[in-house]
K.L.:
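Sharing a structure here in C-alpha cells format.
Values below: every heavy atom of this structure, side chains too, minus hydrogens, waters and symmetry copies. Quantities reported herein were computed from a predicted structural model and do not represent experimental measurements.
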Amino acid sequence: MRIYFGYVAMSVIVPECTPSKTITFQNLSKIDGEKARFSRLSSIARENLRNTRRLFFHNQAHDIKLFRITSKLIPLATHPIAENWDWFVEVKDELKSLGDYARENAFRISAHPDHFTLLNSPREEVAEASIRDLEYHLRIMDGMGLDSSAKLVIHVGGSYGNKEASLKRFIQNYKLLSSEFKQRIVLENDDKIYTAREVLGLCQELKIPMVLDIHHHWCNNHNDDVGDYLADIFATWEGEARPPKIHLSSPKDAKRFRSHADNVEASFFLEFLAKARPLNRDFDVMIEAKNKDQALFNLLAELKSIPYIHFIDEGSIEV
DNA sequence: ACCTGTCAAGTCTGG
DNA sequence: CCAGACTTGACAGGT
C-alpha cells in the first residue's frame, strides 16, 4: 500500500512566502474610493497567488503531491465591503495556470473552509453565509480547472443543544445544495461534538466521503475503537478518483490537548498504521502541525528506521 | 528588526 | 444575558 503525505497551506522552509496575506476591514475602510480599495485587494490576491505558485514549485521539488490551499487566498472575498469586487476576473489567468501546474504534476489539492462555515446552523444568516463561503471555495477550484477529486473538507457543525435535530438540519441543508457542491464536499469528525462514528453514519446516509482526523478522534470518541470501522470509513471513498484521506496531528500538551503540536509523534502515526495495514489500501495523510512542511519531513525521517516502511521518494512511502 | 494586542465571520460554557 | 475561551496567522502600530 502506498501512502502519500502532504501539509497545510504554508511552508516554514520557503522564506517570505505567505499565501494568506490580507488587510483588515478597518484599514481597507480608510482607503478612499471603491476603485482604490478593490485595487488594493487585487494586488494582495495576486501576491498570494504568486506565493502559492512558489509553494507548488517547492512541493514538486520535494515530491509532495498533497497540499491544502489556504482559504485566505483572496482577501475579504466574502466580506460585504468587497461585494462589488469581481475578484475572479482579476485573478482568472493566474488561477488557471496554477491549476494547470497542479494537474501536470498530479497534485491532490484540497481546501478546508474555516470553522464558521456551519451548514447546520439554525440561524439562517449563518447557514447562508456558509454557502457563500463554500461558493467562494468552489470558484477557486473551478478557476484552477480542478476536477471533482479536489475536495472541500468541512465539519458537520454545532450541536445547538440538540445533536439529533442538528444532524437532521445538516441533512436537510446539504440536500438543497447543487451537485457542484456535493461532488466536492467531504466530512470530517471534530474534536468536541461529532465523533468519527457519527460522521461515518452521516456520510453513509448521504454518500459523502469521510476524512478521518486521528487527533480529533483521540479527543472525542465515546470510547470506541476506530479500527472497528476503519474499513467502512475507507469504503465511503468507493467510486472516487483518489484514495481516502486522513488528517494527522499530535496533541500540544496535557492541558491544551486539542491544539496541534509543532510536530507529529511518529508513534501516533504508527498506532494508526497498525490498524490500517490489514486493509491494504492506499491512503493520503494530511499533516496538520505548526511546523508545516518541516513537520512532514521530520516525521518521515523518523519512519526511516521502521523495517516494514519503504521510501518511494521524499513525500510517499510503501508499506 | 522585533514585540504585542487585535482581527469579518460562530458556538459553547460558566457566571 | 454577557464575557471569555477556543484557535491561528497575519496585521498594524509601536518601540
Side-chain angles (χ1 to χ4, degrees), chain A residues 7-31 37-38 40-41 43-45 47-52 55 68-85 87 111-137 152-163 165-167 169-170 173 188 190-194 213 215-216 219-220 247 249-263 286-295:
Chain A
Y7 67 99
V8 173
M10 60 176 285
S11 168
V12 298
I13 296 170
V14 183
E16 303 284 312
C17 196
T18 177
S20 307
K21 186 178 164 72
T22 188
I23 182 169
T24 57
F25 166 68
Q26 290 290 345
N27 271 282
L28 187 66
S29 305
K30 287 180 200 156
I31 299 175
R37 286 197 291 275
F38 292 173
R40 177 84 189 106
L41 289 169
S43 102
I44 294 171
E47 194 175 332
N48 286 340
L49 283 159
R50 256 198 317 279
N51 282 341
T52 303
L55 292 172
R68 179 190 300 169
I69 52 172
T70 175
S71 291
K72 300 190 179 80
L73 206 53
I74 312 296
L76 301 177
T78 58
H79 191 283
I81 195 174
E83 205 183 341
N84 298 318
W85 173 43
W87 60 266
H112 197 352
D114 280 312
H115 57 278
F116 29 80
T117 297
L118 298 154
L119 271 185
N120 76 341
S121 176
R123 293 168 56 200
E124 210 165 301
E125 71 273 22
V126 173
E128 277 167 8
S130 301
I131 291 172
R132 277 199 301 280
D133 190 57
L134 288 169
E135 262 165 1
Y136 152 73
H137 285 87
L152 293 178
V153 183
I154 60 170
H155 295 286
V156 179
S159 64
Y160 309 100
N162 185 342
K163 245 166 124 173
S166 299
L167 271 170
R169 206 164 37 243
F170 181 92
N173 289 346
E188 175 191 349
D190 65 75
D191 58 356
K192 282 203 174 104
I193 304 166
Y194 296 99
D213 187 305
H215 183 184
H216 290 165
C219 296
N220 178 29
H247 288 173
S249 53
S250 293
K252 195 172 185 70
D253 52 45
K255 197 169 182 302
R256 291 165 296 176
F257 63 91
R258 293 184 212 275
S259 301
H260 294 159
D262 294 356
N263 290 290
M286 181 60 69
I287 306 260
E288 297 179 325
K290 213 168 146 61
N291 282 346
K292 307 292 175 183
D293 48 347
Q294 188 60 60

K.L.:
For DNA chain C, which residues in residues 68-76 of chain A have a heavy atom at a distance below 4.0 Å?
P.N.:
none
K.L.:
Contacts to DNA chain C from residues 9-23 of chain A, heavy-atom cutoff under 4.0 Å, which residues?
P.N.:
A/Met10, A/Thr18, A/Ser20, A/Lys21, A/Thr22, A/Ile23
K.L.:
Take A/Lys30 and A/Ala289, find for each the nucleotide of DNA chain C with the closest heavy atom, and name the residue whose nucleotide sits nearer the 5' end.
P.N.:
A/Ala289
K.L.:
On the 0 to 90° scale, with breaks at 30° and 60°, tag the A/Tyr136-A/Trp87 ring pair as parallel, tilted or perpendicular.
P.N.:
perpendicular
K.L.:
Holding to side chain to side chain donor-acceptor pair (under 3.5 Å), I want the full list of residues that pass it with A/Asn173, two or more places apart in sequence or in another chain.
P.N.:
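Per chain and number, A/Asn173 pairs via side chain to side chain donor-acceptor pair (under 3.5 Å) with no residue.
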K.L.:
Could you state the CZ-P distance from A/Arg40 to C/dC11, rounded to the nearest angstrom?
P.N.:
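Interatomic distance, CZ of A/Arg40 to P of C/dC11: 9 Å.
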K.L.:
From the list B/dC7, C/dG13, C/dT7, which nucleotide is the closest neighbour of the side chain of A/Thr24?
P.N.:
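Among B/dC7, C/dG13, C/dT7, the one nearest the side chain of A/Thr24 is B/dC7.
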K.L.:
How does DNA chain C look in dot-bracket form if you count Watson-Crick and G-U pairs under 3.5 Å, write [ ] for pairs that cross, and put | where a base pairs with another strand?
P.N.:
||||||..|||||||
K.L.:
Name all residues meeting the side chain to side chain contact (heavy atoms under 4.5 Å, CB included) criterion together with A/Ala289; count only those two or more places apart in sequence or in a different chain, and write none if there are none.
P.N.:
A/Val264, A/Ile287, A/Ala295
K.L.:
Would you mind classifying the nucleic acid contact of A/Lys252 as base, sugar-phosphate or nothing, using non-hydrogen atoms under 4.0 angstrom?
P.N.:
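If one applies the 4.0 Å heavy-atom cut-off, A/Lys252 turns out to touch nothing in the nucleic acid.
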K.L.:
Does a side-chain heavy-atom distance below 4.5 Å link A/Phe170 with A/Ser166?
P.N.:
no
K.L.:
Walk along nucleotides 10-15 of chain B from 5' to 3' and tag each nucleotide B, S or - by protein heavy-atom contact under 4.0 Å, base first, then sugar-phosphate.
P.N.:
SSS---
